[in-house]
Amino acid sequence: MADQSIPEARAPRTPKRASKAASKAAPEAAPTAASKGEAPLNDGAVDDASRAGVLSRRRLLGTAGATGLVLGAAGGAVGYAARPAEATPLASLGAGQVMFHGKHQPGILQGLQARGHLVAFDLAAGAGRKEAAALLRRWSETARRLMAGEAAQQDDTDVARDAGPSSLTITFGFGFGFFARTGLEKQRPVALDPLPDFSSDQLDKARSNGDLWVQIGADDALVAFHALRAIQKDAGWAAKVRWQMNGFNRSPGATSSPMTARNLMGQMDGTRNPKPAEADFDRRIFVPQSGSKDPAWMANGSYAVVRRIRMLLDDWEQLSVKAQEEVIGRRKSDGAPLSGGTETTEMDLEKTDKAGNLVVPINAHARITRPDQNGGAAMLRRPFSYHDGIGADGVPDAGLLFVCWQADPLRGFVTVQRKLDRGDALSKYIRHESSGLFAVPGGAAEGEYVGQRLLEG
């Protein structure tokens with residue numbers, strides 16, 4: 001739960017998903033947007049629906065252009081029109097689209113997404129390199145289609161019918177055990193060695209690690225679920241689900257202006273995330289194309305650490321706001337450091353009060369996680385909150401699905417977590433319950449599937 005901020009969100013694009021029913025329209029039907037070469041937003045919605053308040057694609061895009069609709073940096077906050085009937089920004093979230101092919105896989109540099117699923121698979125007995133290659137080929141094609149707002153190639157469930165791409169991202173990674181199962185041990189990166197034990201860990205092995213890992217995110221819950229089902233179905237007999245976790249963040253447009261997200265403790269969470277504009281961003285987050293100890297197939301990739309961190313909310317909420325702020329080292333209201341200023345003001349670690357006490361306590365979470373307190377170690381955090389109900393003891397099972405990205409997990413996550421393990425004030429109020437480390441290769445070029453350079457190299 002390092003003190004860092006979120007990367008900028010992508011701009012929305014036109015939704016492309018078209019219904020199966022639209023393609024079966026009778027020849028004598030009246031001309032539609034689709035017949036004029038336009039992709040319908042709502043699968044050919046009839047005039048009655050439009051009169052009821054459903055916006056046509058043409059009207060939606062026209063309104064968006066007139067109001068200068070933009071997704072913001074803090075997960076996509078947007079402006080609202082004065083009247084509910086004209087409040088198009090929320091309706092237009094479906095138009096957001098992220099490209100599948102690229103230098104890096106999607107789901108790393110994009111802003112926080114409103115809905116997410118993390119799922120790990122183990123290869124089935126008898127499945128090896130050949131089966132893994134076929135599976136990644138299927139998964140990559142499904143990801144490409146769904147991220148473009150198209151239906152799955154086979155047996156689409158229609159769960160996301162009528163919706164645009166909704167900024168869907170699907171990301172794939174390999175766990176430590178994958179390489180032995182596929183006979184590729186010599187290609188396993190040293191950086192993928194198992195994480196060390198930490199004193200705060202209370203890990204459930206059944207919900208940790210895995211041969212394959214998939215991260216799904218979207219601005220719409222049904223679009224995200226649709227992708228999850230498609231990925232699960234594509235696995236067929238070759239891989240079985242080991243564990244699955246479901247998360248959420250604040251929905252784009254829920255705040256009047258872009259701002260850093262809050263976690264379930266009510267704290268702004270992500271103020272000091274490294275930003276792509278920083279000179280050393282790529283060096284800290286992505287494996288370089290050359291001059292690295294990593295195998296060539298990891299070029300432009302990254303390492304994801306995944307931790308299910310339960311927040312002991314009943315205990316946390318017993319603290320006064322002042323006590324909570326001292327645990328974190330920042331004001332709860334606006335995320336500003338206790339040493340003064342605004343959220344982005346540099347924290348003054350030496351400032352004291354009239355009694356000579358440090359204004360930012362020595363064990364404050366924000367102090368301990370600072371890169372300059374950890375030899376420059378930094379991670380790009382992209383988490384989801386989760387809530388899995390109330391236990392028999394009446395305690396909420398809620399917290400953070402922590403996902404962080406770095407070029408070297410030993411220098412990134414491990415360095416910071418070891419420091420936290422030795423005296424972080426927040427440790428009393430959280431519990432690490434599951435863990436995973438995954439090698440996430442670079443993005444697939446046009447005509448390639450994710451991991452092809454590993455599996456066919």
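Between the CZ atom in Arg418 and the CD1 atom in Ile368 there is a gap of 16.0 Å [rounded to 0.5 Å]. Taking OG1 of Thr369 as the start and CD of Gln417 as the end, the distance is 11.0 Å to the nearest 0.5 Å. Of the inter-residue distances, the one linking Phe384 atom CZ with Leu112 atom CG reads 7.5 Å to the nearest 0.5 angstrom. Taking CZ of Phe178 as the start and CG of Leu455 as the end, the distance is 4.5 Å to the nearest 0.5 Å. Annotation: the span from Thr260 atom OG1 to Arg250 atom CZ amounts to 10.0 Å, rounded to 0.5 Å. For the atom pair OG (Ser251) and CZ (Arg115), the distance works out to 5.0 Å, reported to the nearest 0.5 Å.
Checked options Asp201, Asp397, Asp204; the residue passing with Arg308 is Asp397 (criterion: salt bridge (Lys or Arg N to Asp or Glu O under 4.0 Å)). Each of Tyr449, Phe100, Phe121 was evaluated against Trp139; a single residue qualifies, Phe121, per the ring pair (Phe, Tyr, Trp, His ring centres under 6.0 Å) test.
Comment: Arg310 does not engage Asp388 in a salt bridge, judged by the lack of any side-chain N to carboxylate O separation of less than 4.0 angstrom. A salt bridge links Glu141 with Arg144: at least one charged nitrogen is closer than 4.0 Å to a carboxylate oxygen. Remark: Arg242 does not engage Asp211 in a salt bridge, criterion side-chain N to carboxylate O under 4.0 Å. Between Asp372 and Arg272, none of the side-chain N atoms (NZ, or NE/NH1/NH2) sits under 4.0 Å from a carboxylate O, so this pair counts as no salt bridge. Taking a cutoff of 4.0 Å between a charged side-chain nitrogen and a carboxylate oxygen, Lys332 and Glu325 do not qualify as a salt bridge.
The heavy-atom pair separating Ala407 from Val287 by the smallest distance is O-CG2, 4.0 Å. Between Ala152 and Leu146, the shortest heavy-atom contact is N-CD2, 3.7 Å. Between Met268 and Asp334, the closest heavy-atom pair is SD-O, 3.3 Å. Considering all non-hydrogen atoms of both residues, Trp405 and Ile285 come closest at O-CD1, 3.6 Å. Shown here for Ala398 and Leu264, the closest heavy-atom pair between the two residues is CB-CD1, 3.8 Å. Closest of all the heavy-atom pairs between Pro189 and Phe179 is CD-CZ, 4.0 Å.
When atom types are taken as modelled, the side chain of Glu433 and the backbone of Arg431 share no donor-acceptor pair closer than 3.5 angstrom. In this structure a side-chain-to-backbone donor-acceptor pair under 3.5 Å is present from Asp220 to Val223. Looking at Arg382, its side chain does come within 3.5 Å of a backbone N or O of Gly111 through a donor-acceptor pair. When atom types are taken as modelled, the side chain of Trp297 and the backbone of Gln187 share a donor-acceptor pair closer than 3.5 angstrom. At distances below 3.5 Å, at least one donor-acceptor pair connects side-chain atoms of Arg145 with backbone N or O atoms of Ala151. Formation of a donor-acceptor pair under 3.5 Å by the Ser427 side chain with backbone atoms of Ala425 is not found in this model. Panel note: side chain Gln215, backbone Gly107; a donor-acceptor pair is recorded below 3.5 Å. For Arg181 (side chain) and Leu123 (main-chain N/O), a donor-acceptor pair under 3.5 Å exists by modelled atom type. Judged by distance alone, with hydrogens and angles left aside, the side-chain atoms of Arg262 form a donor-acceptor pair with the main-chain N or O of Gly266 at under 3.5 Å. A distance-only check finds a donor-acceptor pair linking the side chain of Gln406 to the backbone of Phe413 [under 3.5 Å].
Counting only heavy atoms from C-beta outward, the side chains of Leu410 and Tyr303 never approach each other to under 4.5 Å. Residues Arg284 and Pro274 form a side-chain contact, since some pair of their non-hydrogen atoms from C-beta on lies under 4.5 Å apart. In this structure the side chain of Arg307 reaches within 4.5 angstrom of the side chain of Ser435, judged on heavy atoms. Side-chain contact between Ile108 and Thr169: absent, with no pair of heavy atoms (C-beta onward) separated by less than 4.5 Å. Counting only heavy atoms from C-beta outward, the side chains of Trp213 and Val440 approach each other to under 4.5 Å. Taking 4.5 Å as the limit, every side-chain heavy atom of Met298 sits out of range of all side-chain heavy atoms of Ser292. By the 4.5 Å heavy-atom criterion applied to side chains, Lys293 and Asp408 are counted as neighbours. Phe176 is not listed as a side-chain neighbour of Leu437, based on a closest heavy-atom distance of 4.5 Å or more.
Remark: Asp280 CG is packed, more than 12 non-hydrogen atoms of other residues, nucleotides or ligands lying under 6.0 Å away. Heavy-atom contacts from other residues, nucleotides or ligands closer than 6.0 Å to CZ of Arg411 number 12 or fewer.
In this model, no donor atom of one side chain and acceptor atom of the other lie less than 3.5 Å apart for Thr171 and Gln105. For the residue pair Thr415 and Asn374, no side-chain donor N or O sits within less than 3.5 Å of a side-chain acceptor on the partner.
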request  = Applying side-chain contact (heavy atoms from CB on, under 4.5 Å), run through Leu135 and Phe172 and close with a yes or a no.
outcome  = CA-CA 11 Å; Leu135 173 57; Phe172 304 102; over 6 Å; no
ask   = Can you check side-chain contact (heavy atoms from CB on, under 4.5 Å) on Leu168 and Ile216, steps first, answer last?
value = CA-CA 7 Å; Leu168 175 68; Ile216 296 168; 3.9 Å; yes
task = May I have the step-by-step check of side-chain contact (heavy atoms from CB on, under 4.5 Å) for Thr142 and Lys233, ending in yes or no?
result = CA-CA 11 Å; Thr142 293; Lys233 289 171 64 178; over 6 Å; no
task = Mind running side-chain contact (heavy atoms from CB on, under 4.5 Å) on Met245 and Ser434 for me, showing each step along the way?
result = CA-CA 11 Å; Met245 301 173 190; Ser434 70; 3.1 Å; yes
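Listed by chain and residue number, nothing satisfies the side chain to side chain donor-acceptor pair (under 3.5 Å) test with Ser290 (two or more places apart in sequence, or in another chain).
Taking the six-membered ring for Trp and the full ring otherwise, Phe286 and His104 have centroids separated by under 6.0 Å.
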